[in-house]
Every structure is written in C-alpha cells, then in structure tokens.
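Inspection log for the structure reproduced underneath, given as structure tokens.
This chain uses plain numbering: 1 for the first residue, then up along the sequence.
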Amino acid sequence: MEQLLGEKPILLLDDVLSELDRNRQNYLLENLKGIQTIITCTGLEEFIENGININQTFEIVDGSIKDN
C-alpha cells in the first residue's frame, strides 16, 4: 500500500497476540516498530515484556472509553 499510495497504512490488529505462541508474538511485535498500529487486547503484559513503546492507551470500562 505504501508503494501504491505513497503513504504508510495504519495497521489494525484485534487481540492478535492471544492467538500466537511467544516466538510469533515476539516476531510480530519486533516488526511493528515504526508502523502506526492500533491493537485491541486484554492486557499490556506482552508489550511491556517486549519493550514496545506504547504512545497511548484507552480502556473500556462498563461500555465507556477511558483515556489513560
């Protein structure tokens, strides 16, 4: 898409880490560096353990979005 449009796309991933083993999680997270990515997940442990820079988080509480 970047070559076609001249812009980097935004990557949207929905709870992808829970479906992968640790090696594949690490591979995916390493290759996300430098790509604007929005990930939904149930915990941040994998990101923290892998040293992934998290710019902003949002939490859903009782159906409302809470900006952390």
Side-chain angles (χ1 to χ4, degrees):
M1 293 304 297
E2 182 178 3
Q3 290 175 351
L4 182 65
L5 300 175
E7 298 178 1
K8 288 187 177 186
I10 298 172
L11 185 59
L12 306 173
L13 301 174
D14 182 24
D15 201 21
V16 67
L17 297 181
S18 66
E19 303 297 323
L20 302 174
D21 62 40
R22 178 65 62 183
N23 289 334
R24 287 181 175 89
Q25 287 177 357
N26 291 337
Y27 179 82
L28 175 64
L29 294 174
E30 268 304 307
N31 286 285
L32 292 179
K33 293 181 178 178
I35 300 172
Q36 185 175 353
T37 308
I38 298 171
I39 301 175
T40 64
C41 62
T42 57
L44 297 176
E45 297 82 17
E46 295 92 352
F47 300 97
I48 294 167
E49 290 173 7
N50 286 291
I52 301 299
N53 182 26
I54 301 171
N55 292 327
Q56 189 168 14
T57 62
F58 296 92
E59 183 178 7
I60 307 296
V61 179
D62 296 326
S64 297
I65 299 174
K66 178 181 171 187
D67 185 2
N68 295 328

> Which residue pairs pass the salt bridge (charged side-chain N to carboxylate O under 4.0 Å, His left out) test with at least one member in residues 59-68, sequence neighbours excluded?
Replying inline: none
>> Quick check: is Leu44 connected to Leu28 through a chain of hydrophobic side chains (ILVMFWY, heavy atoms under 4.5 Å apart)?
In response: yes
>> By the salt bridge (charged side-chain N to carboxylate O under 4.0 Å, His left out) test, which pairs, at least two apart or in different chains, include something from residues 20-31?
In response: Asp21-Arg24, Arg22-Glu49, Glu30-Lys33
Got a list of side-chain donor-acceptor pairs under 3.5 Å for residues 3-17, not counting sequence neighbours?
residue: Asp14; atom: OD1; partner: Thr40; partner atom: OG1; Å: 2.3
residue: Asp15; atom: OD2; partner: Ser18; partner atom: OG; Å: 3.3

>> Once side chain to side chain donor-acceptor pair (under 3.5 Å) is applied, do any residues pair with Asn31, and if so which ones, sequence neighbours excluded?
In response: none
>> Can you list everything that forms a side chain to side chain contact (heavy atoms under 4.5 Å, CB included) with Ile65? Sequence neighbours excluded, please.
In response: Phe58, Ile60
> So if you build clusters from Ile, Leu, Val, Met, Phe, Trp, Tyr with side-chain heavy-atom gaps below 4.5 Å, do Ile35 and Tyr27 land together?
Replying inline: no
>> Which residues pass the side chain to side chain donor-acceptor pair (under 3.5 Å) test with Thr37, not counting sequence neighbours?
In response: none
